[in-house]
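Nothing here was measured: the structure is a model prediction, and the numbers come from that model.
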Amino acid sequence: MKSYQHKVQYYETDGMGIVHHSNYIRWFEEARVDLLEQLGCGYDRIEAAGFGSPVLAVSCQYKTMARFGETVQILARITAYNGVRMTIGYEIFDAQTGTLRCTGESRHCFMQQDGRPVSLKRSWPELDRIFSRAADASPNTD
């Protein structure tokens, strides 16, 4: 999978010119959407099939500061998947220097549109295989 790139915008910074901490979580989401699209199963396809994938938890460990004008490279990968829940790990680097800016993860489940949990293994085997292969190909960060 190719990484996702984001150019830091002025509005994403605080009065000191440093990226506000909340924006890293937004960048995780941008990279997650891109990852799913690269896997051929974007949110539009998932929702059209009658499923959702809400965020259950998100964490972020800040390492160094990103600033206005920099471009960050975001590596997103499925680090755990069991058919009902999925964890995506993230690493954000300065695209020019390779300096690690932060790491984190988001945890998700799968549900039907009525809000009931669903097992993709039974309900959508094709998507289950895609996620299983992606998780198997990814180094485990747990």
Side-chain angles (χ1 to χ4, degrees), residues 1-14 17-142:
M1 299 277 94
K2 70 179 182 94
S3 63
Y4 177 78
Q5 294 207 349
H6 176 88
K7 183 170 177 156
V8 176
Q9 302 299 307
Y10 184 75
Y11 71 86
E12 295 173 313
T13 63
D14 61 19
I18 298 168
V19 171
H20 188 270
H21 65 275
S22 64
N23 288 296
Y24 292 89
I25 305 302
R26 289 181 176 96
W27 298 348
F28 287 176
E29 183 170 350
E30 290 176 18
R32 180 172 68 250
V33 168
D34 183 67
L35 172 65
L36 294 177
E37 289 172 355
Q38 288 186 59
L39 291 170
C41 51
Y43 276 117
D44 55 345
R45 183 173 174 210
I46 292 170
E47 291 175 359
F51 300 100
S53 181
V55 175
L56 301 174
V58 66
S59 65
C60 186
Q61 297 77 45
Y62 305 98
K63 306 296 185 182
T64 59
M65 298 172 280
R67 298 179 183 275
F68 170 66
E70 293 179 351
T71 298
V72 292
Q73 176 180 2
I74 307 163
L75 302 176
R77 61 179 72 93
I78 297 173
T79 59
Y81 172 75
N82 68 8
V84 178
R85 293 179 185 247
M86 176 170 65
T87 301
I88 300 179
Y90 307 91
E91 294 176 304
I92 299 180
F93 299 91
D94 179 284
Q96 184 175 7
T97 67
T99 302
L100 181 64
R101 297 294 185 215
C102 78
T103 61
E105 70 176 24
S106 58
R107 296 177 186 257
H108 309 261
C109 70
F110 296 95
M111 61 178 25
Q112 298 171 343
Q113 287 181 335
D114 63 7
R116 290 184 297 165
V118 66
S119 169
L120 294 180
K121 288 180 183 182
R122 286 185 295 232
S123 301
W124 195 354
E126 174 194 3
L127 187 58
D128 176 69
R129 283 189 295 277
I130 290 169
F131 288 156
S132 291
R133 279 194 300 263
D136 290 345
S138 178
N140 192 327
T141 59
D142 291 342

Ignoring hydrogens and geometry, is there a side-chain-to-backbone donor-acceptor pair from S123 to L120 under 3.5 Å?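 Between the backbone of L120 and the side chain of S123 there is no qualifying donor-acceptor contact (under 3.5 Å).
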
Hey, are [Y] and [X] close enough side-chain-wise for a donor-acceptor pair under 3.5 Å?
| X | Y | value |
| --- | --- | --- |
| R32 | Y4 | no |
| T71 | Q5 | no |
| H6 | E12 | yes |
| D136 | Y81 | no |
| Q61 | T103 | yes |

Would you call [X] and [Y] a side-chain contact if the rule is heavy atoms closer than 4.5 Å?
| X | Y | value |
| --- | --- | --- |
| Y90 | S106 | yes |
| R77 | E91 | yes |
| D34 | E30 | no |
| L75 | F93 | yes |
| C109 | P54 | yes |
| F28 | C60 | yes |
| I18 | T13 | no |

When rounded to the nearest 0.5 angstrom, what is the spacing between [atom1] in [X] and [atom2] in [Y]?
| X | Y | atom1 | atom2 | value |
| --- | --- | --- | --- | --- |
| M65 | D14 | CE | CG | 10.0 Å |
| S3 | Q73 | OG | CD | 3.5 Å |
| D128 | R122 | CG | CZ | 10.5 Å |
| R85 | F110 | CZ | CZ | 11.0 Å |

Run I78 and L35 through side-chain contact (heavy atoms from CB on, under 4.5 Å) and show every step you take. CA-CA 9 Å; I78 297 173; L35 172 65; 4.2 Å; yes

Specify whether F51 and W124 have parallel, tilted or perpendicular ring planes, treating 30° as the upper limit for parallel and 60° as the lower limit for perpendicular.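 Plane angle under 30°, so parallel.
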
Is the ring pair Y62/H21 parallel, tilted or perpendicular, if the boundaries are 30 and 60 degrees?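 Aromatic pair Y62/H21 classed perpendicular.
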
For the pair R107 and V55, evaluate side-chain contact (heavy atoms from CB on, under 4.5 Å) and give the outcome as yes or no after the intermediate values. CA-CA 6 Å; R107 296 177 186 257; V55 175; over 6 Å; no

Between [X] and [Y], which heavy-atom pair has the shortest distance, and what is it?
| X | Y | answer |
| --- | --- | --- |
| R67 | V19 | N-CG2, 4.1 Å |
| C41 | F131 | SG-CE2, 3.5 Å |
| V72 | A66 | CG1-CB, 4.4 Å |
| Q9 | F68 | C-CD1, 3.6 Å |
| L100 | T64 | O-OG1, 2.7 Å |
| K121 | N82 | CE-O, 3.4 Å |

I would like to know whether K2 and Q38 meet side-chain contact (heavy atoms from CB on, under 4.5 Å); could you show each step before the answer? CA-CA 8 Å; K2 70 179 182 94; Q38 288 186 59; 3.5 Å; yes

Does the distance from a Lys or Arg side-chain N to an Asp or Glu carboxylate O, for R133 and E126, drop under 4.0 Å?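 Looking at E126 together with R133, the answer is no, because their closest N to O distance does not fall below 4.0 Å.
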
Check against salt bridge (charged side-chain N to carboxylate O under 4.0 Å, His left out), E70 and R101: CA-CA 11 Å; E70 293 179 351; R101 297 294 185 215; 3.4 Å; yes

Does CE in M111 sit with more than 12 non-hydrogen atoms of other residues, nucleotides or ligands closer than 6.0 Å?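 Check passes, neighbour count above 12.
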
